[in-house]
Asks: 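Please read through the structure below; I'll follow up with questions.
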Amino acid sequence: MSLYTTAGAITITCNKRLAPYVEQEVRELGFTIEETFITGVRTTGTINDCIRLNLNLRCASQVLYSIKQFRADDADMVYKNVHSYAWEKLLPQNGYFSITSNVFNDTINNNMFANLRVKDGIVDRMQEKTGERPNTGADLTGAVVHLFWKGNEAELFIDTSGNSLARHGYRKIPGRAPMLEALAASTILAGKWDRKSPFVNPMCGSGTLAIEAALIATNTRPGLFRDNYAFMHLQGYDEDVYLDERGKLENQIADDVPGLRIIATDYDAQAIINANKNARAAGVADLIEFNKVDFAATHVPQGKGGVVYINPEYGERLGELEELEATYKRIGDFMKQNCKGYHGYIFTGNMDLAKKIGLKANRRIEFYNSKIDCRLLEYELYAGSR
């Protein structure tokens, strides 16, 4: 039985509050969503389906294929159940693998101990069946086995992704306090941009939002920026399946989007240089108009509508907060005066500062930026009377 062609349970994980956008993406790929939870979704498919998911998803973190569920009261029971699985039919004899885990069990106070017992179970089984011990380590560059263990219920997965899908692979220079690519894509998908009208991004920093907008508008998928996944390091991997999926991604790119204008500005010259380099790495530099100006001087095409999206600093120290209060007020003035007919979006982790904008948000969409509780505030910037 080949897992590449045998349907099983697939769990697609993501950062907190991104699950609705992962669900949207997975449905658009033709999969049926069986459950949505706070950090992901569940569906059914083969590991070949996992290949497709890995290459296409913008908002996800890992694509996990379930291989065994069992009861585990302690780490010894985990070891026994791991040891009983036929790893010799799944992992290459002289290959390399890693263990990751999420553990919520009263007998375990360190996930590394649970990882060790899983590793021991696999290595001992492989030694007995093949006479060879595979190499193991922390780098997620080979096969990856994931343990989820909560209470006395445990489940083993093949993590088909390896390194997180949330980092899309094109950003060479992150800049100061960069937004994770999966988060940036999710916030764009959460808004009302039609993917062809202007997308204006003052305070662009390292350019992540503008680049993700360009990738979304041209239907360019993150899988094109990466050439190593954990599924490539399993027995039975067929490179032709991967190359066929990758070829589909290349063929579906829209080379020309009539009327599309993406404008990104920052007052920091180095930020513009870095953003340009990142955009070139993503292959979308020719779609983005980068300019070094104060955000309030950003050109906003008139008469066309579109989206203006600003991700200002949140502030941590008192002096910063006082200065940022004035900045947030200027953001509100800029939107009221220069962005009529647009949807305005401000992403912030400081709702006290957001009050200084002086506009009433018609939506407050919840996100986390790392561990910071954030909101994407949406404003209808009416042209003329409402």
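Counting begins at 1 with the first residue of the sequence.
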Asks: List the residues meeting side-chain contact (heavy atoms from CB on, under 4.5 Å) with Glu153, not counting sequence neighbours, and say none if there are none.
Replies: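 Partners of Glu153 by the side-chain contact (heavy atoms from CB on, under 4.5 Å) criterion come out as none, since no residue qualifies.
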
Asks: What residues form a salt bridge (charged side-chain N to carboxylate O under 4.0 Å, His left out) with Asp244, not counting sequence neighbours?
Replies: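 Expected list: Lys248.
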
Asks: For Tyr328, check ring pair (Phe, Tyr, Trp, His ring centres under 6.0 Å) against everything at least two apart and list the hits.
Replies: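 Per chain and number, Tyr328 pairs via ring pair (Phe, Tyr, Trp, His ring centres under 6.0 Å) with no residue.
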
Asks: Considering only residues two or more places apart or on different chains, which pairs with a residue in residues 183-208 satisfy ring-ring contact (aromatic ring centres under 6.0 Å, His included)?
Replies: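 Passing the test, one end in residues 183-208: Trp193-Phe199.
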
Asks: The criterion is salt bridge (charged side-chain N to carboxylate O under 4.0 Å, His left out); which residues satisfy it with Asp139, sequence neighbours excluded?
Replies: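 Here no residue qualifies.
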
Asks: With Glu34, which residues qualify under side-chain contact (heavy atoms from CB on, under 4.5 Å), at least two apart?
Replies: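 Once residues adjacent in sequence are excluded, the partners of Glu34 under the side-chain contact (heavy atoms from CB on, under 4.5 Å) criterion are Thr44.
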
Asks: What pairs of residues pass the side-chain hydrogen bond (donor to acceptor under 3.5 Å, both in side chains) test when at least one of them lies in residues 251-260, not counting sequence neighbours?
Replies: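 Listed by first then second residue: nothing to list.
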
Asks: List in chain and number order the residues that pass side-chain contact (heavy atoms from CB on, under 4.5 Å) with Leu287, two or more places apart in sequence or in another chain; answer none if no residue qualifies.
Replies: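 Only Ala214, Thr218, Val284 meet the side-chain contact (heavy atoms from CB on, under 4.5 Å) criterion with Leu287.
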
Asks: Taking only residues two or more places apart in sequence, or in another chain, which ones meet Asn111 in a side-chain contact (heavy atoms from CB on, under 4.5 Å)?
Replies: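 Only Ser101, Val103 meet the side-chain contact (heavy atoms from CB on, under 4.5 Å) criterion with Asn111.
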
Asks: List for me each residue that meets salt bridge (charged side-chain N to carboxylate O under 4.0 Å, His left out) alongside Glu289, sequence neighbours excluded, and say none if there are none.
Replies: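 Counting only residues at least two positions away or on another chain, Glu289 forms a salt bridge (charged side-chain N to carboxylate O under 4.0 Å, His left out) with Arg261.
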
Asks: Test of understanding: with salt bridge (charged side-chain N to carboxylate O under 4.0 Å, His left out), list the residues that count as partners of Glu380, not counting sequence neighbours.
Replies: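 With neighbours one apart ignored, the set is Lys192.
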
Asks: Pair up each side-chain donor or acceptor in residues 65-77 with any protein partner under 3.5 Å, not counting sequence neighbours, and list the distances.
Replies:
| residue | atom | partner | partner atom | Å |
| --- | --- | --- | --- | --- |
| Tyr65 | OH | Thr6 | O | 2.7 |
| Ser66 | OG | Glu155 | OE2 | 2.6 |
| Lys68 | NZ | Asn81 | O | 2.8 |
| Lys68 | NZ | Ser84 | OG | 2.5 |
| Arg71 | NE | Asp73 | OD1 | 3.4 |
| Arg71 | NE | Asp73 | OD2 | 3.4 |
| Arg71 | NH2 | Asp73 | OD1 | 3.2 |
| Asp74 | OD1 | Asp76 | N | 3.2 |
| Asp74 | OD1 | Met77 | N | 3.0 |
| Asp76 | OD1 | Arg117 | NH2 | 3.4 |

